[in-house]
Amino acid sequence: MAAELEYESVLCVKPDVSVYRIPPRASNRGYRASDWKLDQPDWTGRLRITSKGKIAYIKLEDKVSGELFAQAPVEQYPGIAVETVADSSRYFVIRIQDGTGRSAFIGIGFTDRGDAFDFNVSLQDHFKWVKQESEISKESQEMDTRPKLDLGFKEGQTIKLSIGNITTKKGGASKPRTARGGGLSLLPPPPGGKVTIPPPSSSVAISNHVTPPPIPKSNHGGSDAALFPTRHHSHPTGSSSEWHWQDIKDRLEE
């Protein structure tokens with residue numbers, strides 16, 4: 001199902017390519033283009049490189065009709081599907097396959113060296129992308145198999161946040177401290193001077209006791225009691241001196 005959803009993209013198109021029948025490789029020394037009849041190609045046409053998923057396809061098509069002449073699936077590069085020759089950078093050996101599974105090796109070549117460079121780079125870029133996708137997929141699978149961390153709060157769990165001099169708990173707001181009544185507000189001292197702290201205000205309640213004013217002494221040597229007239233009442237309780245002091249208080253209040 002996934003293969004059906006993959007779409008085919010075009011990686012490279014070259015309008016001129018030559019195809020050669022090549023002799024079997026006699027040794028492990030590699031292919032040489034000089035062994036081919038380079039001036040007599042067996043077929044000429046257009047080359048197109050496409051990709052579908054991870055596989056690249058080298059397609060040899062007719063220049064006019066676009067009919068497919070041969071196709072070489074490439075699953076990795078460099079590899080057996082595409083090989084360079086030992087004596088030139090413009091020629092390659094590819095392995096073509098048909099629908100029945102049969103395969104054959106043929107030689108291809110480009111007249112322009114730049115076309116051969118583009119052919120090579122297109123295949124390299126595609127399989128570089130395939131490698132990156134495989135690494136990303138592998139890392140994703142490893143992440144899925146790792147145990148997941150539980151970063152949620154447990155029941156009753158709290159955290160403390162320390163911001164400057166303020167410490168709060170998650171779920172509660174911090175309350176600013178308010179100054180209590182009666183506190184002193186001190187101004188900063190003047191430069192080079194001394195701080196004079198004002199005396200605290202008295203918070204002691206005034207007593208109901210009234211201190212009598214001092215009684216001046218008479219120059220004539222008379223008694224102090226003569227300065228205040230004495231009321232003549234009966235004294236139910238207390239001594240005469242206490243009643244005399246009460247009389248003084250009544251005078252002051254009047």
Side-chain angles (χ1 to χ4, degrees), residues 1-138 140-141:
M1 185 66 181
E4 294 179 358
L5 296 177
E6 293 175 347
Y7 61 91
E8 187 179 46
S9 60
V10 178
L11 304 180
C12 179
V13 177
K14 293 302 174 183
D16 294 311
V17 64
S18 299
V19 176
Y20 303 92
R21 292 181 182 179
I22 60 175
R25 184 164 53 181
S27 63
N28 294 330
R29 64 183 178 89
Y31 294 100
R32 296 178 61 88
S34 58
D35 297 335
W36 310 342
K37 299 178 181 180
L38 298 180
D39 56 344
Q40 299 177 7
D42 295 289
W43 184 87
T44 58
R46 178 181 67 186
L47 180 142
R48 194 160 61 98
I49 303 177
T50 64
S51 66
K52 190 174 184 181
K54 297 181 179 180
I55 302 177
Y57 297 90
I58 301 173
K59 297 184 178 183
L60 303 174
E61 301 171 341
D62 186 83
K63 292 183 179 180
V64 179
S65 63
E67 182 181 358
L68 183 63
F69 171 75
Q71 177 176 272
V74 183
E75 296 182 359
Q76 64 178 2
Y77 182 76
I80 192 173
V82 181
E83 298 182 55
T84 58
V85 298
D87 57 347
S88 177
S89 61
R90 295 187 293 115
Y91 296 92
F92 302 87
V93 175
I94 64 174
R95 183 183 64 181
I96 59 175
Q97 293 180 345
D98 60 7
T100 62
R102 295 182 301 176
S103 62
F105 290 92
I106 61 174
I108 62 172
F110 301 93
T111 305
D112 190 346
R113 196 176 300 274
D115 292 343
F117 176 81
D118 295 341
F119 171 83
N120 189 25
V121 170
S122 298
L123 292 173
Q124 288 179 351
D125 289 346
H126 170 72
F127 287 99
K128 186 183 296 183
W129 170 82
V130 170
K131 182 179 180 181
Q132 292 175 350
E133 287 294 314
S134 299
E135 291 176 352
I136 293 174
S137 178
K138 184 178 179 181
S140 178
Q141 292 177 357

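All values derive from a computational prediction rather than experimental measurement. The analysis underlying the following values was restricted to heavy atoms, covering all of them including side chains, and did not include hydrogens, waters or symmetry mates.
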Quick one: pull up [atom1] in [X] and [atom2] in [Y] and give me the separation to the nearest 0.5 Å.
X      : Y      : atom1 : atom2 : result
Asp112 : Arg90  : CG    : CZ    : 9.0 Å
Ile55  : His126 : CD1   : NE2   : 8.0 Å
Ile108 : Thr44  : CD1   : OG1   : 13.5 Å
Lys59  : Thr50  : NZ    : OG1   : 4.0 Å
Leu123 : Cys12  : CG    : SG    : 8.0 Å

Which atom pair, heavy atoms only, marks the closest approach of [X] to [Y]?
X      : Y      : answer
Val17  : Phe110 : CG2-CE2, 4.0 Å
Gly53  : Trp129 : O-CZ3, 3.7 Å
Ser89  : Ala116 : O-CB, 3.5 Å
Ser122 : Leu11  : OG-O, 3.9 Å
Asp62  : Val64  : OD2-N, 2.9 Å
Tyr77  : Gln124 : CE2-CG, 3.8 Å

Less than 4.5 Å apart, side chain to side chain, heavy atoms only: is that true for [X] and [Y]?
X     : Y      : value
Leu60 : Ile106 : yes
Trp36 : Val85  : yes
Val74 : Tyr57  : no

More than 12 heavy atoms from other groups under 6.0 Å of NZ on Lys54 =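 No, not enclosed.
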inquiry  = Tell me whether the count of non-hydrogen atoms from other residues, nucleotides or ligands lying under 6.0 Å of CD in Gln97 goes above 12.
reply    =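 Atom CD in Gln97 is crowded, with more than 12 foreign heavy atoms closer than 6.0 Å.
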Test log, rule side-chain contact (heavy atoms from CB on, under 4.5 Å), inputs Leu38 and Tyr91 = CA-CA 10 Å; Leu38 298 180; Tyr91 296 92; 3.7 Å; yes
Between [X] and [Y] (side chain of the first, backbone of the second, donor and acceptor by atom type, cut-off under 3.5 Å), is there such a pair?
X     : Y      : answer
Asp42 : Arg21  : yes
Asp87 : Ser34  : yes
Tyr20 : Lys37  : no
Asp98 : Gly101 : yes

Pair Asp16-Asp115, side-chain contact (heavy atoms from CB on, under 4.5 Å): steps then yes or no = CA-CA 9 Å; Asp16 294 311; Asp115 292 343; 5.6 Å; no
inquiry  = Ring-plane angle category for Phe69 and Trp43, please: parallel below 30°, perpendicular beyond 60°, tilted otherwise.
reply    =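 Phe69 and Trp43: parallel rings.
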query = Which word best sums up how the rings of Phe92 and Phe119 line up, parallel for under 30°, tilted for 30 to 60°, or perpendicular for over 60°?
reply =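 The arrangement is tilted - the two ring planes meet at 30° to 60°.
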ask   = Are Glu61 and Arg46 ion-paired here, with the side-chain N under 4.0 Å from a carboxylate O?
value =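 So Glu61 pairs with Arg46 through a salt bridge.
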task = Quick one: list whatever passes side-chain contact (heavy atoms from CB on, under 4.5 Å) with Ala72, sequence neighbours left out.
result =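 Ala72 satisfies side-chain contact (heavy atoms from CB on, under 4.5 Å) with Ile58, Ile94, Ile96 once adjacent residues are dropped.
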request  = Quick one: list whatever passes side-chain contact (heavy atoms from CB on, under 4.5 Å) with Lys131, sequence neighbours left out.
outcome  =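 So Lys131 forms a side-chain contact (heavy atoms from CB on, under 4.5 Å) with Glu135.
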